[in-house]
Each structure stands twice: as structure tokens, then as C-alpha cells.
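Taking it in order: structure first as C-alpha cells, then the write-up.
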Amino acid sequence: MNIQIFGTKKSFDTKKAQRYFKERRIKFQFIDLKEKGMSKGELESVMRCVGGIDGVLDRDAMDQDTVVLITYLAESQKFEKLLENQQVLREPIVRNGRQATVGYQPDVWKSWE
């Protein structure tokens, strides 16, 4: 397994995801979205797994102006705006190769083991 956890250090769900994998002695790579962010290909891959922009967009994010903007943009512009403003992504985003989850989902992660 090649687990990647995308999130921020202050997110409680990201911390819970890290603890989940540590307790099971599964190695993972943590990527802080504030420092590095996701590449275009990574974000596209995650969106394919979770059902598009609605699956990764956090409607309760602190930056409500950006959430509303992304919601009402034309479909062709939504992805680029989301790539620029990754602070509105739901956390944690956990990837295992081509599989991905958004949010804390230990039931799905069990099936990966």
C-alpha cells in the first residue's frame, strides 16, 4: 500500500486519519495542503474517485466567499479555481494508488488492507 494523506496540521479529522494508520503500523506520507498542495493530476484522480467537485468541496469551509464562487462558476472554470484555492477542500484526502477517500472513512480504509 502507498498511502498519502492530504490535509492540514490543525484539522482534527486529518489527525484521526494519521492515528488510524499509525495504530495499524501502516506507513503513510502526510502532505500539508498549506505548504505544498495537490498537483493537477492528483486532484483530478481524487475527483474521479469521489464523484467530481461536489465530492471534494467543503461547503462549511472558513473561506465561504471562495466556496460560493466555485459553486456558481461555469463548469469549465470550477476545476481551475479549486486548484488555486485548496483551502476549501474537505479533509483529509486519503489516497491509495488509484483509490481515494475524502473525509474520515475508516470503513473504506479497512478494505484496502
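None of the values given here were measured: they were computed from a predicted structure.
- Between atom OG1 of residue Thr66 and atom CD of residue Gln87 there is a gap of 5.5 Å, rounded to the nearest 0.5 Å.
- Among all heavy-atom pairs drawn from Thr14 and Gly7, the shortest one is OG1-CA, 3.8 Å.
- Residues Val88 and Leu73 are members of separate hydrophobic clusters, defined by side-chain heavy-atom contacts under 4.5 angstrom among Ile, Leu, Val, Met, Phe, Trp and Tyr.
- Ring pair Trp109/Tyr104 is perpendicular by interplanar angle, where above 60° counts as perpendicular and below 30° as parallel.
- Both Ile93 and Ile70 are assigned to one and the same hydrophobic cluster, defined by single-linkage of ILVMFWY side chains at heavy-atom distances under 4.5 Å.
- In this structure, Leu83 is a member of the same hydrophobic cluster as Leu89, with clusters built from ILVMFWY side-chain heavy atoms closer than 4.5 Å.
- Screening residues 96-105 for salt bridge (charged side-chain N to carboxylate O under 4.0 Å, His left out) gives no qualifying pairs among residues at least two apart or on separate chains.
- Geometrically, Arg24 does not engage Phe21 in a cation-pi contact defined by less than 6.0 Å to the ring centre and at most 45° from the axis.
- Taken to the nearest 0.5 Å, the NZ atom of Lys16 stands 13.0 Å off from the CD1 atom of Ile5.
- By the 4.5 Å heavy-atom criterion applied to side chains, Gln29 and Phe6 are not counted as neighbours.
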Contacts under 3.5 angstrom, residues 35-51 side chains, donor-acceptor by atom type, not counting sequence neighbours:
unit_1, atom_1, unit_2, atom_2, d
Glu35, OE2, Lys9, NZ, 3.4
Ser39, OG, Glu42, N, 3.2
Ser39, OG, Glu42, OE1, 3.4
Glu42, OE1, Ser39, N, 2.9

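- Residue pairs meeting the salt bridge (charged side-chain N to carboxylate O under 4.0 Å, His left out) criterion with at least one partner in residues 68-77, sequence neighbours excluded, are Glu75-Lys78.
- In this structure, the side chain of Glu91 engages the main chain of Thr8 through a donor-acceptor pair within 3.5 Å.
- A distance of 8.5 Å separates CD in Gln77 from CG in Leu69, rounded to the nearest 0.5 Å.
- The OG atom of Ser11 lies 10.0 Å from the NZ atom of Lys34; values are rounded to the nearest 0.5 Å.
- Cluster annotation: Leu33 is not connected to Val94 through the hydrophobic network of ILVMFWY side chains, with a link wherever side-chain heavy atoms come within less than 4.5 Å.
- The line from CG of Asn96 to CD1 of Ile26 is 9.0 Å long, rounded to the nearest 0.5 Å.
- Here the side chains of Arg90 and Val56 are not in contact, with every heavy-atom distance at 4.5 Å or above.
- With sequence neighbours excluded, no residue forms a ring pair (Phe, Tyr, Trp, His ring centres under 6.0 Å) with Phe28.
- Within the structure, every pair that satisfies the salt bridge (charged side-chain N to carboxylate O under 4.0 Å, His left out) test and touches residues 49-64, not counting sequence neighbours, is listed here: Asp54-Arg59.
- Residues Tyr72 and Val67 have side chains not in contact (no heavy-atom distance under 4.5 Å, counting atoms from C-beta outward).
- Taking the ring pair (Phe, Tyr, Trp, His ring centres under 6.0 Å) definition, one finds that Phe79 meets it with nothing, sequence neighbours left out.
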Report the C-alpha separation of Arg95 and Ile3 in whole Å, then their side-chain angles, then the decisive distance to 0.1 Å, and conclude whether the side chain to side chain contact (heavy atoms under 4.5 Å, CB included) test is met.
CA-CA 6 Å; Arg95 290 183 62 209; Ile3 304 293; over 6 Å; no
